[in-house]
Colleague: 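Handing you this structure, nothing more for now.
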Amino acid sequence: MSMEPQSFANDGLSASDFRTPEFDDTLLNQNKNDFNAVPEFSGGIVIIADKAAMKVGGFIKADFISDLAPIDSEDSFVTTEIPVGAADHKNARFHAKQSRLSFDTRWRVEEDIARAFIEADFFGGGDGSNGSLRLRHAYGTLGRFTAGQTWTTFTDPSAVPQTLDFEGAVSNVNRRQGLVRFIQPLGRSGWSFATSLEDPTVIIEVPTGLSGQGRTESPDVITHLRWESDYAETQSALVLRKLGFQPTGGSVITGTAWGINITGSVHLTDCTRVYSQLTVGEGIGSYRGSPDIVSTGPNSAAILPMFGWMIGCKQAWSDRVTSNLTFSQLTLDDLPGQSGSNLRQTKYLAINTIFNPYDRIFAGAEYLYGVRENQDLRQADAHRIQVSFGFYLP
């Protein structure tokens, strides 16, 4: 007995009545096995009610990990967690924490379609522990306005590498945070402009001998200019930030930070896509999990400049076999006075092949290589083999 995808219809509506170019055009051409893509609003489990519809999506992903050199991050390949000078040891890890569940709900508001999207995974637990539910996305969109938690306007989700590893390239901005955003298409040229106010996060390495905490007194202001076509896309984003630190019992000390993130991809052929990214700025380390401000002495600190880049290629060998190659590097300035154990540079390499034997089922293998170099120029590397199996919800 076979079971066809079912919808619970009302008023003669179907899922296609709730599809819009703003929500769905990019999904029609999305790359297979893109683990950051939103599920398509068609087929599968779609519930249709009075002038509204909801699509249930997600996937199960089982990861089998073997480390050939020391790394303290067991669930994802975080190169900043490579220990320098550690005794040789190996790790073996099995988990399904990247598995996801999403609900995409849409309804009519006069002549427009409103959307509420929520998605969770199981990376809420500590590294190496059993997963607990964690919020990834929770946002609503009406027309050109979006509010909630989703990809920061500073990132380009289409430039996030398609790795089996959950962490991804070291310089790639892949943060999701609370925001309010407005997008303005610029005619029919393929260009669009976005501006947003977003949740500020400040990571500070407090100088020895001082106590206090970071302050976020104003939101991050972010804009981007984007161009899309059937064969290529590019985006340039700018973030302006106000960083704050309040010593215990003292006044708040503030400084200005900025960053630029330029991304792009091009389909060289129907089967080959090349993508790249360049990030530069001061005090934007928290957008990649590193410090914004570092200690430069017993009673001093400084905003930390950073520079990162990434290059990658996605190759489709057939309708069912794809490969991805990604290399990325992140460099933090060697400001005088820093601790010798502070991070100076990190590198990330991922090579994978993913096989889709049947619709909505995949299996893949990936080799990962990373390097961490400290300010004292001591370094260590790590090697990982990851094998993954997955099942997409229909």
Side-chain angles (χ1 to χ4, degrees), residues 33 35-36 59-100 121-132 134 160-172 174 285 288-291 308 310-314 322-332 340-355 362-391:
N33 300 321
F35 303 117
N36 292 302
F59 56 79
I60 304 299
K61 183 169 180 282
D63 294 320
F64 303 86
I65 293 169
S66 176
D67 289 321
L68 309 179
I71 184 170
D72 294 333
S73 177
E74 299 179 11
D75 296 333
S76 54
F77 198 68
V78 183
T79 56
T80 56
E81 296 295 321
I82 298 173
V84 177
D88 188 41
H89 64 271
K90 301 178 180 180
N91 300 323
R93 174 75 171 142
F94 304 85
H95 71 81
K97 297 171 74 170
Q98 195 174 343
S99 302
R100 293 180 193 154
D121 64 15
F122 297 87
F123 261 90
D127 192 74
S129 65
N130 290 328
S132 58
R134 181 190 69 157
V160 175
Q162 293 178 249
T163 60
L164 295 172
D165 169 48
F166 181 76
E167 177 67 14
V170 295
S171 66
N172 189 260
N174 56 6
R288 271 305 304 159
S290 59
M310 176 192 70
I311 187 72
C313 179
K314 174 74 178 293
T322 61
S323 292
N324 188 81
L325 168 65
T326 300
F327 181 80
S328 178
Q329 180 175 299
L330 179 70
T331 302
L332 305 177
S341 61
N342 280 8
L343 177 68
R344 179 180 181 273
Q345 187 178 92
T346 182
K347 300 175 183 178
Y348 178 98
L349 170 70
I351 306 172
N352 66 42
T353 295
I354 303 176
F355 175 49
F362 68 87
E366 183 168 83
Y367 169 73
L368 295 150
Y369 173 74
V371 178
R372 175 191 170 115
E373 180 179 309
N374 290 342
Q375 291 290 339
D376 58 11
L377 302 184
R378 298 179 66 209
Q379 65 178 35
D381 58 11
H383 306 261
R384 172 174 289 183
I385 302 295
Q386 178 167 331
V387 178
S388 302
F389 300 91
F391 304 83

Colleague: Could you tell me which residues satisfy side-chain hydrogen bond (donor to acceptor under 3.5 Å, both in side chains) with Thr79, sequence neighbours excluded, listed by chain and number?
Modeller: Thr346
Colleague: Are the side chains of Leu68 and Arg384 in contact, using a 4.5 Å heavy-atom criterion?
Modeller: no
Colleague: How far apart are the closest heavy atoms of Ala365 and Leu164, and which atoms are they?
Modeller: N-CD1, 3.7 Å
Colleague: Residues two or more places apart in sequence or in another chain: which of them pass salt bridge (Lys or Arg N to Asp or Glu O under 4.0 Å) with Lys347?
Modeller: none
Colleague: Can you name the ring pair (Phe, Tyr, Trp, His ring centres under 6.0 Å) partners of Phe35, sequence neighbours left out?
Modeller: Phe59, Phe362
Colleague: Which residue pairs pass the salt bridge (Lys or Arg N to Asp or Glu O under 4.0 Å) test with at least one member in residues 121-131, sequence neighbours excluded?
Modeller: Asp121-Arg134, Asp121-Arg136
Colleague: Does the Ser388 side chain pair with the main chain of Gly364, one donor and one acceptor, at a distance under 3.5 Å?
Modeller: no
Colleague: Who passes side-chain hydrogen bond (donor to acceptor under 3.5 Å, both in side chains) against Gln345, sequence neighbours left out?
Modeller: Thr331
Colleague: Does Asp376 offer a backbone N or O that forms a donor-acceptor pair with the side chain of Asn374 under 3.5 Å?
Modeller: no
Colleague: Of the non-hydrogen atoms in Gln375 and Leu343, which two are nearest, and what is the gap between them?
Modeller: NE2-O, 3.1 Å
Colleague: What pairs with Arg288 under salt bridge (Lys or Arg N to Asp or Glu O under 4.0 Å), at least two apart in sequence or on another chain?
Modeller: Glu167
Colleague: So, for Ala382 and Ala69, which heavy atoms are closest and what is the spacing to 0.1 Å?
Modeller: CA-CB, 4.0 Å
Colleague: Let me confirm one number: the CG-OG distance from Asn342 to Ser290, rounded to the nearest 0.5 Å.
Modeller: 11.0 Å
Colleague: Using the test salt bridge (Lys or Arg N to Asp or Glu O under 4.0 Å), find all partners of Glu373 that sit at least two apart in sequence or belong to another chain.
Modeller: Arg344
Colleague: Going by the rule side-chain hydrogen bond (donor to acceptor under 3.5 Å, both in side chains), which residues pair with Ser341 if we only count those two or more places apart in sequence or in a different chain?
Modeller: Ser339
Colleague: Is there a side-chain contact between Phe94 and Asp63 (heavy atoms, below 4.5 Å)?
Modeller: no
Colleague: Does the Ser132 side chain pair with the main chain of Gly125, one donor and one acceptor, at a distance under 3.5 Å?
Modeller: yes
Colleague: Spell out, as yes or no, whether a donor-acceptor pair under 3.5 Å connects the side chain of Ser323 to the backbone of Thr353.
Modeller: no
Colleague: Just do the side-chain contact (heavy atoms from CB on, under 4.5 Å) check on His383 and Tyr367 with the steps written out, would you?
Modeller: CA-CA 7 Å; His383 306 261; Tyr367 169 73; 2.7 Å; yes
Colleague: Decide yes or no for Tyr348 and Phe327: does some side-chain heavy atom of the first lie under 4.5 Å from some side-chain heavy atom of the second?
Modeller: no
Colleague: Does anything in residues 83-98 pair up under side-chain hydrogen bond (donor to acceptor under 3.5 Å, both in side chains), and if so which pairs, sequence neighbours excluded?
Modeller: Lys61-Gln98, Asp67-Asn91, Asp75-Arg93, Asp75-Lys97
Colleague: Please list, chain by chain and in numerical order, all residues satisfying ring pair (Phe, Tyr, Trp, His ring centres under 6.0 Å) with Phe389, sequence neighbours excluded.
Modeller: Phe64
Colleague: Restricting to side-chain hydrogen bond (donor to acceptor under 3.5 Å, both in side chains), what partner residues turn up for Ser129, sequence neighbours left out?
Modeller: none
Colleague: Taking all heavy atoms of Ile82 and all of Pro70, pick out the closest pair and write down the distance.
Modeller: CG2-O, 4.1 Å
Colleague: So, the side chain of Gln162 versus the backbone of Asn324: is there a donor-acceptor pair under 3.5 Å, distance only?
Modeller: no
Colleague: I'd like to know whether Lys314 forms a side-chain contact (heavy atoms from CB on, under 4.5 Å) with Thr322, so could you lay out the CA-CA distance, the side-chain angles of the two residues, the decisive distance to 0.1 Å, and finally the verdict.
Modeller: CA-CA 7 Å; Lys314 174 74 178 293; Thr322 61; 3.5 Å; yes
Colleague: Under the salt bridge (Lys or Arg N to Asp or Glu O under 4.0 Å) test, which residues partner Glu366, sequence neighbours left out?
Modeller: none
Colleague: Is there a side-chain contact between Glu74 and Ile65 in this structure, where contact means two heavy atoms from C-beta onward sitting under 4.5 Å apart?
Modeller: no
Colleague: Is Thr163 reaching over with its side chain to a backbone N or O of Asp165, donor-acceptor style, under 3.5 angstrom?
Modeller: yes
